[in-house]
S.K.: 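After the structure tokens below, expect a handful of questions from me.
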There are 2 protein chains.
Amino acid sequence: MRGEQTPRLREALEDDIVAGRLRPGQRLDEVSLAERFGVSRTPIREALIQLSASGLVDIRPRRGAHVTLLGPRELVESFELMAEIEASCARLAAARMSAADRAAIAAAHAECREAVAAGDDAAYYPANAVFHAAIYAATGNRVLGAEALRLQRALQPYRRLQLKVPRRMDASFAEHEAILEALFAGDGATAAERLRAHVLVQGERFMSLLAALEEA
Amino acid sequence: MRGEQTPRLREALEDDIVAGRLRPGQRLDEVSLAERFGVSRTPIREALIQLSASGLVDIRPRRGAHVTLLGPRELVESFELMAEIEASCARLAAARMSAADRAAIAAAHAECREAVAAGDDAAYYPANAVFHAAIYAATGNRVLGAEALRLQRALQPYRRLQLKVPRRMDASFAEHEAILEALFAGDGATAAERLRAHVLVQGERFMSLLAALEEA
DNA sequence: AGCAAAAAATCTGTATACATGAAGATTGAC
DNA sequence: GTCAATCTTCATGTATACAGATTTTTTGCT
């Protein structure tokens with residue numbers, strides 16, 4: 001066949017993981033996946049290796065590939081890294097964003113507002129991701145932006161759970177508003193601090209949820 | 001054979017790239033590499049994919065693998081990302097480092113001092129890397145630390161050139177001293193700012209060098 | 001009936017084979 | 001002599017084959 005299998009497979013698997021159709025910890029059998037996608041094991045294997053590198057899949061020698069299941073410690077550390085990177089994005093975006101960047105952020109924020117007004121969790125979820133991504137893009141630094149996006153996707157499966165926390169959506173939107181205010185005022189330091197806290201609180205709330213779940 | 005080839009190959013190739021034996025832009029022919037290491041193309045291919053994910057190798061469809069050659073823009077952006085991450089490390093390390101972490105940083109700094117005293121570029125180079133790595137480790141955040149190390153290695157091939165700038169070693173060491181002072185005083189904000197500047201200046205100096213080279 | 005040990009089945013890791021697309025060489029024309 | 005087009009060669013991408021290891025199942029013993 002023509003040389004287009006591996007990227008397609010990687011994207012398909014990535015979508016499955018990020019969207020939650022494949023859950024953290026689940027085994028990824030090469031033969032089954034090969035049959036499912038109608039290809040041989042080779043491109044499946046290559047796609048899994050790539051996903052392993054971006055953190056979505058965990059491959060251990062002779063034990064196969066599994067959807068990454070972060071332990072409590074790694075989860076806290078990952079959210080902290082995310083918070084630091086997003087804070088950097090905010091600081092740089094405040095200093096550099098173009099009019100188009102500003103418009104994109106405002107548009108994403110409006111999307112979030114609509115979801116909140118409608119009380120629609122399912123709609124807030126992607127709108128939130130777009131809002132954050134718009135800030136990454138506004139830094140003008142594509143390497144930094146790509147890194148932020150990679151982390152965002154790696155943590156997506158875990159955020160899913162946490163959004164079920166009551167009233168989280170409203171609190172999240174209020175935080176967005178404060179971030180946006182500082183950002184548009186050109187106050188990078190404040191925007192960075194608020195965005196850092198916004199991300200960190202997600203990690204903390206998730207940990208609380210995790211602790212509660214483990215009690216049961 | 002036993003399942004130990006791919007990791008070994010990845011490390012060998014990574015060493016070759018980071019140490020400069022394989023230069024940015026150089027082609028990585030799968031068949032030649034397979035012959036050189038006495039294995040088939042399969043594990044070579046898997047190692048290359050992994051290196052591609054960590055940024056050391058660039059694979060383009062039907063065009064083969066090459067040692068990553070960052071363009072001017074990507075280089076500036078990568079150094080900026082590195083600067084942001086290292087600044088975060090400094091801030092967190094100042095707040096959290098243990099006595100052992102402090103000792104490790106001090107030891108690495110002493111190594112750097114010896115290299116400077118001896119005027120030994122070749123020795124300063126790895127000692128500098130260890131000094132920075134000690135700060136990453138002192139954050140207590142392994143995910144963050146791993147990310148910082150990954151970037152450090154990806155940029156290593158470019159730093160090599162830049163260390164040839166006259167008197168850069170002395171300036172670098174002086175900056176280390178200022179960073180260490182703030183760090184040991186528990187002043188995370190100052191340590192972060194100094195480390196950020198320390199990394200950024202490397203990127204800028206490199207760009208000047210690059211511009212000078214392109215003139216010739 | 002429960003547990004342990006051995007055998008069978010299965011899956012991973014590596015090697016090899018083959019086809020398609022790309023790069024280079026050679027030949028022909030201007 | 002130079003440029004272009006075609007053909008040849010070669011490398012990548014995918015498929016398939018095979019060996020070793022791991023896991024599961026089955027069987028025998030307590």
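The structure presented is a predicted model; accordingly, all values stated were derived computationally and were not measured. In what follows, chains are A, B, ... by sequence order, proteins preceding strands, each numbered from 1.
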S.K.: B/Leu28 has an atom CG; how far is it from atom P of D/dA11, in whole Å?
M.R.: 14 Å
S.K.: Between D/dA11, C/dT12, D/dG13, which nucleotide gets closest to the side-chain atoms of B/Glu30?
M.R.: D/dG13
S.K.: To the nearest Å, give me how far apart CD1 (B/Ile44) and C1' (C/dT16) are.
M.R.: 15 Å
S.K.: In whole Å, what is the span from the CD atom of B/Glu46 to the C1' atom of D/dT14?
M.R.: 13 Å
S.K.: Closest-nucleotide mapping onto DNA chain C: is A/Thr42 or A/Arg63 further toward the 5' terminus? I mean the 5' end.
M.R.: A/Arg63
S.K.: What is the separation between atom CZ on B/Phe37 and atom C1' on C/dG13, rounded to the nearest whole Å?
M.R.: 18 Å
S.K.: More than 12 heavy atoms of other residues, nucleotides or ligands under 6.0 Å from CZ of B/Arg23: yes or no?
M.R.: no
S.K.: Would A/Glu86 and A/Tyr136 count as having a side-chain donor-acceptor pair, cut-off 3.5 Å?
M.R.: yes
S.K.: Any side-chain donor paired with an acceptor under 3.5 Å for B/His198 and B/His176?
M.R.: yes
S.K.: Between D/dT12, C/dT14, D/dA15, which nucleotide gets closest to the side-chain atoms of A/Val39?
M.R.: D/dA15
S.K.: On the nucleotide D/dG13, are OP1 or OP2 found under 4.0 Å from the side-chain N or O atoms that A/Arg41 carries?
M.R.: no
S.K.: For C/dT14, take OP1 and OP2 only and decide whether either is under 4.0 Å from a side-chain N or O of B/Thr6.
M.R.: yes
S.K.: In whole Å, what is the span from the CD1 atom of A/Ile49 to the P atom of D/dT14?
M.R.: 13 Å
S.K.: Count the heavy atoms of every other residue, nucleotide or ligand shown that sit under 6.0 Å from CZ of B/Arg21, and state whether that count exceeds 12.
M.R.: yes
S.K.: Using atom CZ of A/Arg60 as one end and atom C1' of D/dA21 as the other, report the distance to the nearest whole Å.
M.R.: 16 Å
S.K.: With a 3.5 Å cut-off and just heavy-atom distances, do the side chain of B/Arg62 and the base of D/dT12 make a donor-acceptor pair?
M.R.: yes
S.K.: B/Arg45 has an atom CZ; how far is it from atom P of C/dT12, in whole Å?
M.R.: 19 Å
S.K.: What is the separation between atom CD on A/Glu4 and atom C1' on C/dG21, rounded to the nearest whole Å?
M.R.: 11 Å
S.K.: Taking everything shown except B/Arg142 itself, do over 12 heavy atoms lie less than 6.0 Å from its CZ?
M.R.: no
